[in-house]
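Just so you know, ligand 1 is whichever comes first in the structure, and atom 1 is the first atom listed for that ligand. Atom set for the values below is all heavy atoms of this structure, side chains included, hydrogens, waters and symmetry mates excluded.
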Amino acid sequence: MNITKIELTAFRNLSQLSMEPCSTVNIIYGDNAQGKTNLMEALWLLSGARSFRGARDADLVSFGQENARVCAQFYKGQREQEAEIRFGGKKSAWLNGIQLDSAAKLAGGFCAVVFSPSHLGLIKDGPGERRKFLDTSICQLTPRYIDTLASFSRVLQQRNSLLKDISYSSFLLDTLDIWDEKLASLSAAVSWARERYARRLAEAAAGIYSGISMEKESFTASYARSGMGPGPWEGPEQLREAYREAIAASRGEDLRSGATGVGPHRDDLEILLDGKSARSFGSQGQQRSSVLALKLGEARCMREILGEEPVILLDDVMSELDGGRREYLLNHLAGSQIFITCCDRGYFSSLTQGKSFHMQGGEVLQCESYSAG
Ligand code: ATP
Ligand code: MG
């Protein structure tokens, strides 16, 4: 998909902004605190997701104003469309003039993938961030996974409560079998879906990482199940059987600790660069490149599975990347509409096709077009 026009009113420091991006690479540049990330945040919100900065809706409205408006016209599914969100008081959202029940319903209507420095936690932090990343992507691609995941979390929580209760009401032990059975089924469903998606994502991300690093480094990602044998399992049925056995084997320890030791809540997406852990041994630039490869890989999977290319929002990616890596982002992601923010013109001197927008004090001062040849 392709955004053709953006209009913002009273969104953070962007009091009145109108811009017409191009269908390839759009650079938003300017000094610190001018509103570049605010613009990316506004576009991201149109995808129905929450702010990647964890902001409350009230914080999005310009100081001293009551309402903010974010609107984009875009081309998707071979037709012109329009998405709009208003903040202040009750948040409301529209798609093509029709009011939606909630802003979250914009998901799927407006597709985007975002990278911001806060996403570096995907490599730097513990496995929880990577599980969340896989789950969020799968929910977008397969909406029925939302229910599977919610059921799994509920059963896990109830089993954990029961494990604690059993320590002082031993007669409850008889009821544990039912929860173990449910847990085995849901663990298999969640972990099967994650592994299948992880395989697809890993392939896309490896190709992108190879491009970013000019084929000098190799990236691999694989779904790692905690407390389970090496597999492989032929299908979800066999995996469920394996979970049954693993849960039964860890029952004694679970009762002692009051927590479930085996299941997808302990799994990880293991990321290696040239065979070594990206988290423990990757440089700043390599970690940034790895997150980018995962995010761009996610975009590629969305295109393959949903048949729609999401808009790619890259906030502050350029710092810590060398010239070759920057050049790849600027000129080798053909087919996607990309927005990249940076502080300095020097960061995009190798741009061959696209537009740049100079942002100052919440306004676009200057717009330049670039074309090859
Ligand atoms: P950097 O290069 O440092 O990342 P940036 O251009 O991305 O800078 P933004 O994060 O977009 O900067 O923020 C620009 C300004 O927006 C900040 O100075 C901040 O104080 C201001 N701002 C944030 N929220 C609001 C709001 N609700 N109303 C008015 N201004 C706001
Ligand atoms: Mg910023």
Task: Minimum heavy-atom distance between L106 and E84, given as atom pair plus value - done: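 Heavy atoms of L106 and E84 come nearest at CD1-O, 4.5 Å.
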Open item on the list: Give me the atom names and distance for the closest heavy-atom approach of E320 to R288.
Closed with: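 Answer, listing the atom of E320 first, then R288: OE1-NE, 3.1 Å.
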Return the closest protein heavy atom for [atom] as residue, atom name and distance.
atom	result
atom 18 (O) of ligand 1	A33 CB, 3.5 Å
atom 28 (N) of ligand 1	F63 N, 3.0 Å
atom 2 (O) of ligand 1	K36 NZ, 2.8 Å
atom 23 (C) of ligand 1	R12 NH1, 3.7 Å
atom 3 (O) of ligand 1	N32 ND2, 3.1 Å

Please check whether [X] reaches ligand 1 - meaning an N/O of the residue sits under 3.5 Å from an N/O of the ligand, judged on distance alone.
X	result
C343	no
L60	no
G30	no

Give a yes or no on whether [X] atom [atom1] has more than 12 heavy-atom contacts from other residues, nucleotides or ligands under 6.0 Å away.
X	atom1	value
E270	CD	no
E308	CD	yes
E363	CD	no

- [ ] Go through the steps to decide whether D267 and L134 satisfy the test side chain to side chain contact (heavy atoms under 4.5 Å, CB included), and finish with yes or no.
- [x] CA-CA 11 Å; D267 292 352; L134 291 177; over 6 Å; no
Task: Proximal ligand 1 atoms for N38, defined as those under 4.0 Å from one of its heavy atoms - done: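 Reading through ligand 1 atom by atom, the close ones are 9 (P), 10 (O), 11 (O), 13 (O), 14 (C), 15 (C), 16 (O).
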Open item on the list: As an exercise, identify every atom of ligand 1 less than 4.0 angstrom from a heavy atom of T37.
Closed with: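 Ligand 1 atoms under the 4.0 Å threshold to T37: 4 (O), 5 (P), 7 (O), 10 (O), 11 (O).
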Open item on the list: the Mg ion (ligand 2) and M40: any N/O/S contact shorter than 2.8 Å?
Closed with: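 M40 does not place any N, O or S atom closer than 2.8 Å to the Mg ion (ligand 2).
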TODO: Look at the rings of F348 and Y370 and say which category their plane angle falls in: under 30° parallel, 30 to 60° tilted, over 60° perpendicular.
DONE: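 Geometry flag for Y370 against F348: perpendicular rings.
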- [ ] Apply side chain to side chain contact (heavy atoms under 4.5 Å, CB included) to the pair S137 and L201, showing each step before the final yes or no.
- [x] CA-CA 10 Å; S137 304; L201 173 74; over 6 Å; no
- [ ] Have a look at ligand 1 and work out which part of V61, if any, has a heavy atom under 4.0 Å from it: side chain, backbone, both or neither.
- [x]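 Just the backbone.
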Open item on the list: Side chain, backbone, both or neither: which applies to D59 and ligand 1 if a contact is any heavy-atom pair less than 4.0 Å apart?
Closed with: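 D59 to ligand 1: backbone contact only, side chain stays beyond 4.0 Å.
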TODO: Could you please spell out the steps behind the side chain to side chain contact (heavy atoms under 4.5 Å, CB included) verdict for L294 and Y209?
DONE: CA-CA 9 Å; L294 288 170; Y209 194 97; over 6 Å; no
Open item on the list: Quick check on atom 20 (O) of ligand 1 - does any protein heavy atom sit closer than 4.0 Å to it?
Closed with: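 Looking at atom 20 (O) of ligand 1, one finds that no protein heavy atom lies closer than 4.0 Å.
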- [ ] Measure the distances from the heavy atoms of R53 to every atom of ligand 1 and state whether one is below 4.0 angstrom.
- [x]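 Contact check R53 vs ligand 1: positive.
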- [ ] Could you tell me whether R86 sits above the aromatic face of W94, with NZ or CZ closer than 6.0 angstrom to the six-membered ring centre and within 45 degrees of the axis?
- [x]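 That pair qualifies as a cation-pi contact.
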